[in-house]
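Remarks on the structure that follows.
Note on naming: letters A, B, ... go to the chains in the order of the sequence lines (proteins, then strands), and numbering restarts at 1 for each one.
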Protein chains: 2
Amino acid sequence: MQSQQAQRAQIAVDIESPEPLFAQLIEQIKKAVLSGQLGPGDALPSIRQLANDLNVNNKTVAKAYRLLERDSVIQTKGYRGTFVHPDAVVNSSFDLSARVQSSISEAIEACREAGATDSEIRIAFGHVMQNRTTGGD
Amino acid sequence: MQSQQAQRAQIAVDIESPEPLFAQLIEQIKKAVLSGQLGPGDALPSIRQLANDLNVNNKTVAKAYRLLERDSVIQTKGYRGTFVHPDAVVNSSFDLSARVQSSISEAIEACREAGATDSEIRIAFGHVMQNRTTGGD
DNA sequence: TGTTGTACCCTTACCCCAGAGGGTACAAAT
DNA sequence: ATTTGTACCCTCTGGGGTAAGGGTACAACA
């Protein structure tokens with residue numbers, strides 16, 4: 001199992017899991033918000049702090065925080081630290097990845113029904129993604 | 001340049017081109033049909049024959065033929081050989097890849113506007129494509 | 001026997017990407 | 001001086017895809 005706990009929040013990470021670490025962090029924090037373990041305005045451990053507690057890389061935690069802030073689950077206040085967003089509870093139940101996946105899924109299904117090969121679909125996808133790199137990780 | 005010509009049809013292939021060989025073949029044949037150089041019912045060189053003439057692998061030609069037949073540009077009659085499809089002219093102007101690409105493009109654009117990262121889109125795409133391998137190349 | 005398309009097997013090389021780690025640096029504030 | 005988030009640089013591992021080639025085999029014919 002090898003999970004390590006962060007004292008401040010109830011956050012654990014499983015290195016053995018196929019689920020990416022940053023995704024586990026996002027999931028954990030959202031879950032903590034939804035269960036009320038974390039309330040709006042609560043302070044989150046700093047990136048370096050949490051990374052150290054969980055024995056993961058700063059960038060991994062930073063990535064999770066970045067995504068969480070984009071989804072308005074947390075709020076970063078520069079040098080003052082990171083806090084739970086006022087609307088965190090509502091926003092935590094919103095899964096953008098799921099939305100994206102179903103959107104993509106529909107398009108793919110349509111292509112398949114049109115007779116397109118998986119290979120062709122992949123190629124087309126690659127071409128579209130290649131043409132503008134919006135940037136961002 | 002290094003292009004080689006097939007006597008029977010006006011088909012050339014450029015090894016230096018970044019365009020895949022099989023795609024060049026498809027394009028060439030469609031062009032030949034659209035320009036009237038190949039008419040419905042005309043016999044095409046056999047897979048092995050054309051592969052030999054152009055100095056490419058059998059499988060490469062076979063792949064092009066397979067896609068062309070799926071799109072009803074050509075017609076394979078088993079041991080008798082391959083022929084230009086009766087509706088070849090109409091079907092040659094239909095580019096499934098382009099259709100697929102625009103369909104995928106729309107979905108991607110929607111995801112981007114929803115705030116999704118390119119990375120997230122790729123991940124979602126990968127997940128969808130992974131779940132059912134329809135098979136086919 | 002030879003040709004047709006087709007279906008398998010396996011191999012090569014190339015490219016792109018995700019995930020994760022390591023390091024250094026910076027402005028803004030305390 | 002230290003902490004904060006953030007932005008760069010670099011690395012490595014692994015996975016999965018295409019494209020193309022090489023080979024062998026098959027049933028259906030002529």
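With respect to B:Glu120, the salt bridge (charged side-chain N to carboxylate O under 4.0 Å, His left out) criterion is satisfied by exactly one of A:Arg66, A:Arg70, A:Lys63: A:Arg70. Screening A:Val13, A:Val61, A:Thr60 for a side-chain contact (heavy atoms from CB on, under 4.5 Å) with A:Phe22, the sole residue that qualifies is A:Thr60.
Contact check, B:Thr76 against C:dG5: no side-chain N or O comes under 4.0 Å of OP1 or OP2. OP1 or OP2 of D:dC29 has at least one side-chain nitrogen or oxygen of B:Tyr79 nearer than 4.0 Å. Under 4.0 angstrom from either OP1 or OP2 of C:dT4 there lies no side-chain N or O belonging to B:Arg48. Applying the 4.0 Å criterion to OP1 and OP2 of C:dT4, one finds that B:Arg80 has every side-chain N and O outside that range.
Of the candidate nucleotides C:dG21, C:dT4, D:dG22, C:dG21 has the atom nearest to the side chain of A:Thr60. Among C:dG22, D:dG22, C:dA18, the nucleotide with an atom closest to any side-chain atom of B:Ile123 is C:dA18. Closest contact between the side chain of B:Phe22 and the listed nucleotides D:dA20, C:dG5, D:dG21 involves D:dA20. Comparing D:dA28, C:dG19, D:dA19 by their closest approach to the side chain of A:Pro20 singles out C:dG19. Listed nucleotides: C:dG21, C:dG19, C:dG5. Nearest to the side chain of A:Lys63: C:dG19.
Here the closest heavy-atom approach between residue A:Ile121 and residue B:Val100 is recorded as CA-CG1, 4.1 Å. Of all heavy-atom pairs between B:Pro40 and B:His85, the closest is CB-O, 3.6 Å. Contact between B:Tyr65 and B:Ile74 at its shortest, heavy atoms only, is O-CD1, 3.5 Å.
Per the geometry, CG belonging to A:Leu21 stands 16 Å off C1' belonging to C:dG22, to the nearest Å. Rounded to whole Å, atom P of C:dC16 lies 17 Å from atom CZ of B:Phe125. For the pair A:Leu67 CG and C:dA18 P, the computed distance is 12 Å after rounding to whole Å. Straight-line distance from the CZ atom of B:Phe83 to the C1' atom of C:dT4: 10 Å, rounded to whole Å. C:dG19 atom P lies 12 Å from atom CD of A:Gln24, rounded to whole Å. We find that CG of B:Asp14 is positioned 12 Å from P of D:dA20, with the value rounded to whole Å. Distance B:Ile74 CD1 to C:dT4 C1': 13 Å, rounded to the nearest Å. Distance, A:Gln130 CD to D:dT18 P: 15 Å, rounded to whole Å.
Within the 3.5 Å criterion, the main-chain N or O of A:Gly39 finds a donor-acceptor partner in the side chain of A:Asp42. Between the side chain of B:Gln24 and the main chain of B:Glu19, a donor-acceptor pair closer than 3.5 Å is present.
The environment of B:Glu69 atom CD is dense: over 12 non-hydrogen atoms of other residues, nucleotides or ligands sit within 6.0 angstrom.
Each of B:Ile47 and A:Asn58 was matched to the nucleotide of DNA chain C holding its nearest heavy atom; the match closer to the 5' end belongs to B:Ile47.
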* Asked: Just by protein heavy atoms under 4.0 Å, how would nucleotides 7-12 of chain C read 5' to 3' in B, S and -?
  -> -BB---

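Within the nucleic acid shown, B:Glu19 has no heavy atom closer than 4.0 Å to any nucleic acid atom.
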